[in-house]
Engineer: 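Dropping a structure here in structure tokens format, bear with me for questions.
What you are looking at is a predicted structure, and each value in this text was computed from that prediction instead of being measured.
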Amino acid sequence: MKNYTQVYVKNSIEAAQMYCKAFGAEITRVFPNATNTAYDHCELSVNGEGFLALAEASNPCDISIVHKYKWETMTFNVFEMGSEEAVRNALHILSDGGVVLEPIHELPWSKCCATVIDKFGVCWWISI
């Protein structure tokens, strides 16, 4: 049995590209909509392992409200990223148009981590 998460966002094609860049992922399975303007379903993998699925949200979400109130309805934990540089790179990419909740810092269980809500309203906790 396997389990990984799926997000529903507006601008799913752009989101998939951003997540690939932030996490070194690749698109491994894709089902575009009838007009090729969004994904009905898209799967991303890192090193051959399923990482994240995403699809176009059917309902709008006011991301400015999510950012303003720093809503964390769900957080995706990406850990064992390998290096502080990988965490910094992901934070840089994910924070473009987003809001940083916790800049890079140290915790008893992680010497380098951060939390950010990206421009699509998805909250990420990233860590080495």
Engineer: Could you give all pairs that pass the ring pair (Phe, Tyr, Trp, His ring centres under 6.0 Å) test and reach residues 43-64, with sequence neighbours left out?
Structural biologist: Phe23-Phe51
Engineer: Could you walk me through whether Lys21 and Asn89 pass the side chain to side chain contact (heavy atoms under 4.5 Å, CB included) check?
Structural biologist: CA-CA 9 Å; Lys21 186 176 176 184; Asn89 179 62; 5.8 Å; no
Engineer: Please list, chain by chain and in numerical order, all residues satisfying side-chain contact (heavy atoms from CB on, under 4.5 Å) with Cys20, sequence neighbours excluded.
Structural biologist: Ala25, Ile27, Leu44
Engineer: So for atom CG, which belongs to Asn33, do other residues, nucleotides or ligands contribute more than 12 heavy atoms lying within a distance under 6.0 Å?
Structural biologist: yes
Engineer: Can you see which heavy atom on Cys123 is nearest to which on Thr115, and at what distance?
Structural biologist: SG-CG2, 3.8 Å
Engineer: Contact between Ile104 and Val87 at the side-chain level, heavy atoms closer than 4.5 Å - yes or no?
Structural biologist: yes
Engineer: Does any non-hydrogen side-chain atom of Phe120 lie less than 4.5 Å from one of Asn11?
Structural biologist: yes
Engineer: Using the rule that two of Ile, Leu, Val, Met, Phe, Trp, Tyr join whenever any of their side-chain heavy atoms come within less than 4.5 Å, decide whether Tyr8 and Leu94 are in one cluster.
Structural biologist: no
Engineer: Counting only pairs under 3.5 Å, give me each side-chain donor-acceptor contact of residues 12-19, with atom names and distances, residues two or more places apart or in other chains.
Structural biologist:
{"unit_1": "Ser12", "atom_1": "OG", "unit_2": "Tyr39", "atom_2": "N", "d": "2.9"}
{"unit_1": "Ser12", "atom_1": "OG", "unit_2": "Glu56", "atom_2": "OE1", "d": "2.6"}
{"unit_1": "Glu14", "atom_1": "OE2", "unit_2": "Lys119", "atom_2": "NZ", "d": "2.4"}
{"unit_1": "Tyr19", "atom_1": "OH", "unit_2": "Asp118", "atom_2": "OD2", "d": "2.6"}

Engineer: What is the minimum heavy-atom distance between Ala90 and Ile126, and which atoms define it?
Structural biologist: CB-CD1, 4.0 Å
Engineer: Kindly write out the residues that satisfy side-chain contact (heavy atoms from CB on, under 4.5 Å) with Asn77, not counting sequence neighbours, or none if the list is empty.
Structural biologist: Thr75, Phe79, Trp125
Engineer: Going hydrophobic residue to hydrophobic residue with side-chain gaps under 4.5 angstrom, can you get from Met74 over to Ile63?
Structural biologist: no
Engineer: If we ignore hydrogens and angles and just use 3.5 Å, is the side chain of Ser45 paired with the main-chain N or O of Gly48 as donor and acceptor?
Structural biologist: no
Engineer: Return the CG to NZ distance between Asn59 and Lys10, rounded to the nearest 0.5 Å.
Structural biologist: 7.0 Å
Engineer: Under a 4.5 Å cut-off applied to non-hydrogen side-chain atoms, are Gln6 and His41 in contact?
Structural biologist: yes
Engineer: Other than Tyr69, what residues sit in its cluster of Ile, Leu, Val, Met, Phe, Trp and Tyr side chains whose heavy atoms are under 4.5 Å apart, directly or through others?
Structural biologist: Ile65, Val66, Trp71, Val99, Leu101, Ile117
Engineer: Let's go through Glu49 and Tyr4 carefully: what are the C-alpha distance in whole Å and the side-chain angles of both, what is the deciding distance for side chain to side chain contact (heavy atoms under 4.5 Å, CB included) to 0.1 Å, and is it a yes or a no?
Structural biologist: CA-CA 10 Å; Glu49 290 291 323; Tyr4 59 92; over 6 Å; no
Engineer: How long is the straight-line distance from CD of Glu102 back to NZ of Lys70, given to the nearest 0.5 Å?
Structural biologist: 10.5 Å
Engineer: Using distance only, find each side-chain donor-acceptor pair of residues 105-112 under 3.5 Å and give its atom names and separation, not counting sequence neighbours.
Structural biologist:
{"unit_1": "His105", "atom_1": "ND1", "unit_2": "Pro103", "atom_2": "O", "d": "2.7"}
{"unit_1": "His105", "atom_1": "ND1", "unit_2": "Cys113", "atom_2": "O", "d": "3.3"}
{"unit_1": "Ser110", "atom_1": "OG", "unit_2": "Cys112", "atom_2": "N", "d": "3.3"}
{"unit_1": "Ser110", "atom_1": "OG", "unit_2": "Cys112", "atom_2": "O", "d": "3.1"}
{"unit_1": "Ser110", "atom_1": "OG", "unit_2": "Ser127", "atom_2": "OG", "d": "2.6"}

Engineer: Between atom CG of Asn47 and atom CD of Glu26, what is the distance when rounded to the nearest 0.5 Å?
Structural biologist: 8.5 Å
Engineer: Run the numbers on Phe76 and Thr5 for side chain to side chain contact (heavy atoms under 4.5 Å, CB included), then give the verdict.
Structural biologist: CA-CA 8 Å; Phe76 296 97; Thr5 54; 3.1 Å; yes
